[in-house]
Each structure stands twice: as C-alpha cells, then as structure tokens.
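Everything below concerns the one structure shown next.
Throughout, protein chains are lettered first and strands after them, A, B, ... in sequence-line order, and every chain is numbered starting at 1. Every heavy atom of this structure was used, including side-chain atoms; hydrogens, water molecules and symmetry mates were not.
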Amino acid sequence: MSKLVVKSLTRRFGGLVAVDNLDFELGNGEIVGIIGPNGAGKTTLINLISGICMPTSGSILFDDKDITLTPAHIRSRMGIGRTFQLIHPLENLSLIENIMTGFLFSQGENKKKARLRAEDLCALMNLTDTGREISQLNILEMKKMEIAHALATGPSILFLDEVMAGLNSDETKEIIKIAKKIASSHNMAIGVVEHVMGVIKELTERVIVLDSGKLIAKGVYEEVSKDPKVITAYLGGAA
Amino acid sequence: MIKYWKYILIAIILLLGVLFPFYAGAYQQSIARTVLIYLVLAISWDMLLRSGQLSFGMAGLFGIGSYASVLLLLRLGASPMLSILGAGLVAFVVAALLGILVLRLRAMYFAITTLAIGEIFRIIIRNWSSFTGGPEGAILPNIIFDGDPVLSYWLVLGLALLAIVLSVIFQKTRIYFALTAIRNNEVVAKSSGINIFKYLVIVFAITSALQGMAGGVFAQTYGFVTPESSFSADYILLPIAMALLGGIYGTLGPIIGTVLLGVLAEYLKLYIPYGHLIVYGIIIICIIMFMPQGIVGVVRSKIIRREVG
Amino acid sequence: MAERILKRPLYIIVGLLSAAVIVLLLFWKPTVVVYGVQRAGLYAGIALPMALILGIVHIVNLAHGEFMITAAYITYFLCNSFGMSPFAALVPVVIVMFLLGMLIFKFTIKHTLKAPELNQLILTFGLAMVLTQGLNLIATSQPRKISLDFVTSSATVGETTFGTYGFIYDLAAVLILAGLLFFLRKTKFGKAAVAVGQNPRGARIIGIDVNKIYILVFSLAIALTGIMGVLFLTSQSIFPLAGGSYTMKSFCLVAMAGMGSLPGIVFASIGLGIAESFIMSFQGYGGWSNIVFFALIIIVILIKSFKGKR
C-alpha cells in the first residue's frame with residue numbers, strides 16, 4: 001500500500017507552472033530521491049505535500065485520506081514532516097526549544113515530556129549544549145537542528161530539502177548516517193531532494209526526476225542517470 | 001539562591017502595592033490608579049505583540065469596555081462588579097468576531113483594522129443616542145464602592161495583577177512557544193503543527209477582554225463615559241510608548257516602562273496641558289530607531305555580554 | 001494596469017453593477033452622485049500618494065492623513081498671517097511639505113527600512129501622533145476655517161441644484177493621477193522608481209541609486225498630500241485629529257484597488273464616495289456614513305484571504 005499518492009498535481013504561480021500534472025507515489029519505509037535542475041519544482045512539490053501552499057488542481061492522498069485541502073498544521077500532526085531548504089530557525093527560541101515545538105504541537109506532549117524527548121533526540125543527533133541560542137550554532141548544527149525539528153513532529157513520511165547543501169564531505173557523511181538510522185529505526189518513508197548525486201546514490205532506492213514541473217523519468221538512479229531526457233534537462237539547465 | 005531573592009523581592013513589591021493607600025495621599029492614589037490602568041493596556045498589547053501582531057485597538061476596546069459596563073449598569077441594572085466582567089466579555093466577543101474576519105490576513109491589514117475599531121465604535125455610540133447617550137456621553141448614578149478610594153484602588157490593582165499573571169502564564173507555558181514561533185516564522189510554525197489562526201484569535205480575544213475590563217473599571221471608578229474621552233488616542237499612544245520603553249516581548253518590560261512613563265505623564269500634564277502627548281510620540285519614534293529592545297533588552301544584553309566576556 | 005483589470009470577469013461584473021447603480025441613483029437622487037464624485041476626488045487625491053509610497057518604498061504610511069492636515073494648517077497660517085489666498089499658498093506649501101517629507105524620511109523612516117514591518121508600522125504611527133499632537137500644541141484643538149465666497153458657488157441642471165466647488169478635488173485627483181502615470185511610465189526617474197518598487201535588490205545591481213529614489217518618491221508623495229491639504233482647507237474646517245480618518249480611508253482604498261494599482265484607486269474612491277454620500281442623503285443618518293469604509297475594508301480582507309487559500 002502506498003503511504004502517499006499524488007495525483008495529477010498542478011500549481012501555477014501567475015503564468016509559471018511550477019508543478020505540472022504530476023503523479024507520484026511513496027511507499028511505507030521507502031527512501032526516494034527527488035532530483036532535477038534548479039527551478040524544476042522540487043521545493044514547490046514539497047510545499048504542496050506539506051500544505052505550505054495549496055495546489056491549483058490535482059489531489060494528494062495520505063494513508064488513503066484526501067488531504068488536498070487540509071491545512072499545514074494538521075498535516076504536520078498527521079505525520080508529514082519536512083525540513084526547509086533555506087533554514088529559518090525560530091531565532092528567539094533556543095536550540096532545544098526549537099526542537100520542542102514539534103513535540104508540543106504536532107504530538108501534543110506537555111512541556112516537561114517535550115523537553116525530555118527533545119533532549120533524547122539531540123543525543124541521537126549528536127547535538128550538545130542544547131540550551132544555546134540559535135546565533136551560536138554552526139552550519140552543521142543548524143542542519144541537524146532542522147532535521148531534529150522535523151523528526152520532533154513525529155512524521156511517518158519525511159522530506160529532506162537539500163539538507164546537505166553547504167556541508168563538507170565529512171559532515172555530509174554524518175548526516176547520511178543519521179538519515180539511514182532514522183529510516184531503519186522508525187520505518188519512515190523519506191523523500192530526499194539533493195543536488196549532490198553521491199548522496200542520492202548512497203541513500204535512495206529509487207529516484208524521480210523533475211524538469212519544469214513535469215516528471216520526466218523515474219527508476220533506479222543508475223538507469224535514470226543514463227536517460228537521454230534527464231541528461232538534456234541537466235545540460236539545458238546548466239547551459 | 002538568586003531565585004529565592006527574586007521571590008522575596010516580588011513579595012515585598014506586592015505588599016507595598018497592596019498597602020499603598022495606607023501610606024500615600026489621595027493624589028498619589030489617583031495617579032497610581034491611572035498608572036495601573038495603563039499597565040493593563042501596555043501588558044495586554046505586548047501579549048499580542050509576542051505573536052508578531054501589532055494592535056492599535058486598545059483605545060477602541062477600552063472604550064467598548066467603558067460603554068459596555070456603563071450601559072449594562074444603566075440599562076440592564078447589573079451590579080458594578082458584574083458590569084466590569086460584562087465589559088470584558090463584550091470586548092472578548094467583539095475581538096473574537098473581528099479576529100475571525102481579519103486574522104487570516106495579518107500585519108498591516110490587522111493593524112489598520114484594529115486602528116479603525118475605536119473610530120467605528122465612536123461613530124456608533126455618537127449616532128445611537130437613544131441607547132448610548134450620544135455625543136454627551138452617559139453618567140452613572142453612583143461611583144463604584146460609593147467612591148471609596150481604597151477599595152477602588154484595590155479593584156484596579158486586582159485587574160493589573162490579573163494581567164500580570166496572565167502574561168506570566170503566556171511566558172511559562174506552551175503558549176510562549178506558539179506565539180514566539182508564529183512571530184519568528186509562520187511557515188515553520190505551521191510545520192511544527194501550530195494552529196496559527198486559532199492561537200491568534202484566542203490571544204487577541206483574551207488581551208482585548210483585559211482592555212475591555214480596564215475600560216469597565218475606569219468607567220466605574222470615574223462614573224462617566226463620553227465618546228471622546230473613552231476612545232481617546234491616549235489609550236493607544238501611552239501603552240505603546242510604555243511597553244516599548246521598558247522592552248517588548250516580556251512581562252517585566254511593560255511594567256518598568258509603565259511605572260517610568262506613568263509618573264512622567266503626571267508632570268507632563270501639568271506643564272504642557274495641550275499636546276503633552278507629543279512627548280510619547282517622540283519616545284516611540286526614538287525607541288524604534290535607537291533602542292528597539294527597550295530597557296530590559298539593553299540590560300539583558302549587557303548581562304549576557306558580561307557573562308560571555 | 002487598466003488592461004489587467006478588464007481581463008478579470010469579476011471586475012467586469014462589479015464594474016457593470018456599479019455603473020447600473022450609479023445610473024439608477026442619477027435618476028433617483030442625482031445630488032448623491034454629484035457629491036459622491038466630489039468626495040471621491042478628495043479621497044483619491046489623498047490615497048494616490050499613499051499607494052505611491054506603498055508601491056515603491058514598501059512602507060504603510062500611517063501618518064498619511066496627518067501630513068495632509070499638517071499642510072492644511074500651514075496653509076491656514078500663511079493665509080492668516082500674510083493675507084495670502086490659499087491658492088497662492090499652494091506653491092510654498094508644496095515646497096515645505098516636500099522638504100518636510102525629505103527630513104522625516106532621512107531622519108526616521110530610512111533607518112527602519114530594513115527592520116521588520118512591525119517596526120515601520122509603529123514608527124509611522126508615532127509620526128502620526130507627533131504631527132497631530134504638534135498641531136494640538138501649536139494651534140490647540142479648536143476647529144479652524146477660512147471663508148471663501150466662491151466655495152458656495154452652485155449650478156442647476158434640470159431641477160437639481162448642487163454645489164460645484166467640490167469638483168476641484170476631482171480636478172486635483174485627475175491631475176495627480178495623470179501626473180503620476182506620466183512620471184512612472186515616461187520619465188527616466190519614474191521608470192527607475194518602478195524598477196525599485198518591483199525589485200529593490202535587482203535595481204541596485206543595475207546601478208540605480210535606491211536610497212535616492214526612496215527619499216525622492218516619499219517626499220514627492222508628501223508634497224502631493226500637501227496639494228490636497230491646501231484644497232481641504234478651502235472648503236472644510238480643520239482640527240488636529242481630522243487627519244486620522246483619511247489615513248484609514250486611504251489605506252482602505254489602496255487595499256480595494258489591489259496594492260499598487262493607481263487607476264484602481266480612482267474607481268475605489270468613486271465607490272466609497274458615492275456610498276458615503278448615499279447614506280448622508282438620509283436626514284439624521286449622515287453620521288453613519290463614516291462606517292462605510294470599515295465595512296469595505298473587511299470585505300476586501302475577506303476576499304483576499306479567501307483567494308489566498310487556493
């Protein structure tokens with residue numbers, strides 16, 4: 001059974017079609033890469049699934065329930081988690097408090113329990129000195145906090161939007177390790193948007209490729225990367 | 001150890017506050033009543049501001065509360081205390097309805113509609129003379145507690161303490177997380193599972209109820225309402241200046257700001273009878289430009305710098 | 001901009017409906033339409049500069065109506081001290097308002113351009129209070145008026161007699177609109193200002209002096225409110241608090257027109273003007289007319305938030 005089904009999803013911004021008649025499924029516990037050149041509509045797709053923006057047409061099913069018009073905060077409570085490509089931490093809350101928000105509001109924990117569970121999550125992610133202000137965090141810690149914040153909402157599917165961007169190779173490896181650990185321990189479905197193909201290759205079982213909002217290819221990475229349509233899309237994007 | 005001293009300090013201030021009528025003269029007591037009314041407005045304004053929503057509705061809701069309490073007493077024969085609660089309830093309902101209508105769009109739309117509340121209700125009251133008394137206002141047959149200054153003072157103090165307690169609750173519970181998250185980034189807040197609309201409507205309604213009750217208390221202790229005095233711009237301008245000066249986004253800032261400016265206000269009124277409000281306008285402009293974090297914020301950052309350095 | 005408006009079916013329906021209402025009114029209560037259109041001129045003339053500031057500098061100027069009233073007071077004192085005619089005072093008042101706008105922008109607003117929107121709103125609110133209370137301090141709250149005999153001029157068409165002086169506001173609004181459209185579309189500076197309004201960072205990259213545009217556009221807008229202030233004094237009595245409702249009505253019109261559409265403001269003003277004048281035509285209910293704008297603003301917000309959902 002599919003965890004998430006996206007049916008002929010379309011989103012226009014004025015004249016621009018950011019996501020164009022897209023069909024896409026995500027199974028339980030599956031890790032799928034979402035790739036494509038800049039402006040292909042990957043982030044818009046995640047925004048549509050998480051409810052940050054609403055589709056122009058099409059529908060989204062989650063656990064066989066139609067959530068096309070469900071508000072974002074309900075989707076978060078239902079178990080759709082995500083990170084943001086441009087991290088905007090809640091700068092007036094400390095590191096631990098940022099993570100606590102997910103436990104408090106998505107999972108309805110009380111403050112005490114939320115703090116304990118957030119501390120556990122930080123330990124899992126190797127985040128120390130959790131009372132720090134956001135301004136004192138380095139980029140790796142910010143990325144980890146972003147993932148922890150998404151995990152704190154208790155997702156059964158999780159979208160990681162370019163979490164590796166700006167990290168060096170050691171840091172990338174650490175994040176990959178964390179991602180694998182959460183996927184296996186929680187049987188969580190994960191959608192990974194990433195530009196670094198090495199990460200996609202290592203982390204995901206299959207990929208879908210978007211270009212100008214359309215799905216142009218899907219399958220195992222090795223095959224898809226040889227698809228002429230995909231190569232043109234990337235070259236076209238690069239030129 | 002520090003915590004221990006903090007509680008002793010709070011207890012002493014509270015005691016001094018409660019016993020104030022026994023060691024201060026009538027004039028000081030009347031100043032204290034005014035200052036405490038402004039304290040309620042300043043704190044409640046800040047409580048909503050913590051969610052990033054700017055309200056200019058204090059004068060409107062204060063006026064609504066004043067009129068509601070006077071009219072409840074005159075037309076329905078409610079007791080003064082009951083009429084004050086009624087004033088809070090009316091303000092709560094008005095704010096909740098308005099909030100449901102406009103809080104899906106925020107920032108400037110919300111700010112402007114709240115600015116208009118006072119204007120709108122002033123027009124309604126002026127033109128609905130048969131019920132409200134029209135442009136001349138309405139006078140109560142009796143002042144609350146038959147004008148006993150000590151009891152009136154305690155009533156105002158009680159309301160101020162209620163505002164402070166609510167403000168502290170807002171800071172110590174999950175509400176703090178919700179409001180701060182909404183202020184910092186609404187998209188992230190939504191993704192954390194926060195129902196932004198619900199929080200904003202409820203907080204707007206609660207803070208408005210405080211402002212309405214402040215109006216009710218004011219009307220009952222002074223015994224009259226008029227469209228001009230009850231909806232005066234003072235009730236927008238002073239609380240904003242007070243909260244900004246003391247420091248926004250907390251309970252302590254508005255308290256400090258209110259005490260400082262409240263005392264200043266009395267002198268200003270004596271020396272500049274017309275247009276003394278210009279001083280508050282200038283204070284607002286200067287603080288926004290040079291010290292947006294207010295006194296509490298400046299002191300706090302000094303302490304942090306000392307700890308780090 | 002007008003082309004864009006006509007493309008939307010909703011606007012066509014609303015336009016046709018309002019045209020029908022106006023025609024009906026012309027037969028039923030012709031003076032309602034005449035006075036409504038005159039009011040519309042006043043509103044549009046004040047709202048247009050607010051839209052200019054919002055569209056290019058991205059500031060909601062909560063002191064907008066207060067600037068207008070300040071200009072009216074300056075005119076009043078010029079007329080009273082030097083025996084000037086208000087129309088002769090137009091030139092010095094506009095220059096003074098331009099300079100005032102410049103000073104205020106340079107010393108206050110400029111410093112909050114990068115701050116959160118909240119700070120800007122509080123700042124311009126503070127400015128509004130300083131202007132109002134400054135006037136209170138200098139001129140007291142007593143209403144003031146100058147009497148000019150030509151203000152009462154009237155005309156008779158068929159059986160209806162109406163005052164004609166109010167059309168001066170329409171003239172002013174049309175001139176301001178035409179001037180602004182010419183400025184924004186045909187002049188180099190105006191085109192640069194539009195570019196800044198659409199994308200300040202991009203404009204900076206292609207070498208436009210964004211700060212200069214901001215300060216000049218703001219000062220220009222304040223100077224335009226100066227024109228309306230002078231005209232306001234010629235036919236109405238002024239008092240320090242009079243500006244506040246014009247700030248709110250201007251915002252209502254800008255929001256109705258859709259942020260940034262200048263011609264839309266004229267249509268919105270006609271709607272507001274006629275609606276108010278319609279209510280005022282009922283004896284004893286005139287005081288309620290000032291509620292119309294609030295109803296409109298709520299409707300606009302509801303439509304906007306409904307649209308935003310999809």
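Both the backbone and the side chain of B/A116 come within less than 4.5 Å of a heavy atom of chain C. For a residue to count as touching a neighbouring chain, one of its non-hydrogen atoms must lie under 4.5 Å from one of that chain's; by this rule C/T108 touches chain B with backbone and side chain alike. Only the side chain of C/F293 has a heavy atom closer than 4.5 Å to any heavy atom of chain B. With a threshold of 4.5 angstrom between heavy atoms, C/L121 approaches chain B through its backbone and through its side chain. For B/Y280, no part lies under 4.5 angstrom from a heavy atom of chain C. The parts of B/I285 that come within reach of chain C are both its backbone and its side chain, each placing non-hydrogen atoms under 4.5 angstrom from that chain. Both the backbone and the side chain of C/L127 come within contact range of chain B, each with at least one heavy atom under 4.5 Å from a heavy atom of that chain.
Contacts with chain C were tallied for B/T113, B/I240, B/I117, B/I282; B/T113 has the most, counting heavy-atom pairs under 4.5 Å. Ranked by heavy-atom pairs shorter than 4.5 Å toward chain B, the options C/T112, C/I122, C/L302 are led by C/I122. Chain B forms more heavy-atom pairs under 4.5 Å with one residue of C/P116, C/G126, C/C252, C/A115 than with any other, namely C/G126. Of the residues considered (C/I297, C/L131, C/I291), C/I291 shows the highest number of contacts with chain B, using heavy-atom pairs under 4.5 Å. Among B/E119, B/Q53, B/R126, the residue making the largest number of heavy-atom pairs under 4.5 Å with chain C is B/E119. Contact tally against chain C (heavy-atom pairs below 4.5 Å) for B/I284, B/I236, B/L244, B/I120: the top residue is B/I120.
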message: Assess the residue pair B/I112 and C/T247 against the criterion (side chain to side chain contact (heavy atoms under 4.5 Å, CB included)); give the C-alpha distance rounded to whole Å, side-chain angles, the decisive distance to 0.1 Å, and a yes or no.
response: CA-CA 9 Å; B/I112 299 255; C/T247 302; 5.5 Å; no

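Interatomic distance, C/L137 CG to B/I278 CD1, rounded to the nearest 0.5 Å: 5.5 Å.
In this structure, C/M129 and B/G281 approach most closely via the heavy-atom pair CB-CA, 4.3 Å. Taking all atoms of both residues into account, the shortest heavy-atom contact from C/G287 to B/I123 is O-CG2, 3.2 Å.
Here the side chains of C/L118 and B/L49 are in contact, with some heavy-atom distance below 4.5 Å. Side-chain atoms of C/I298 and B/L98, non-hydrogen and from C-beta on, do get closer than 4.5 Å to each other. Taking the side chain as every heavy atom from C-beta outward, B/L101 and C/I301 never approach each other to under 4.5 Å. Considering only heavy atoms from C-beta on, B/Y109 comes within 4.5 Å of C/K304 through its side chain. When side chains are defined from C-beta on, B/L115 counts as touching C/F125, because their heavy atoms get closer than 4.5 Å.
Heavy atoms from other residues, nucleotides or ligands lying under 6.0 Å from NZ of C/K106 number 12 at most. More than 12 heavy atoms of other residues, nucleotides or ligands shown are found within 6.0 angstrom of CZ on C/F282. Other residues, nucleotides and ligands place no more than 12 heavy atoms under 6.0 Å from the NZ atom of C/K212. Crowding of C/F77 atom CZ: a count of heavy atoms from other residues, nucleotides or ligands under 6.0 Å exceeding 12. In B/R300, the CZ atom is not crowded: 12 or fewer heavy atoms of neighbouring residues, nucleotides or ligands sit closer than 6.0 Å.
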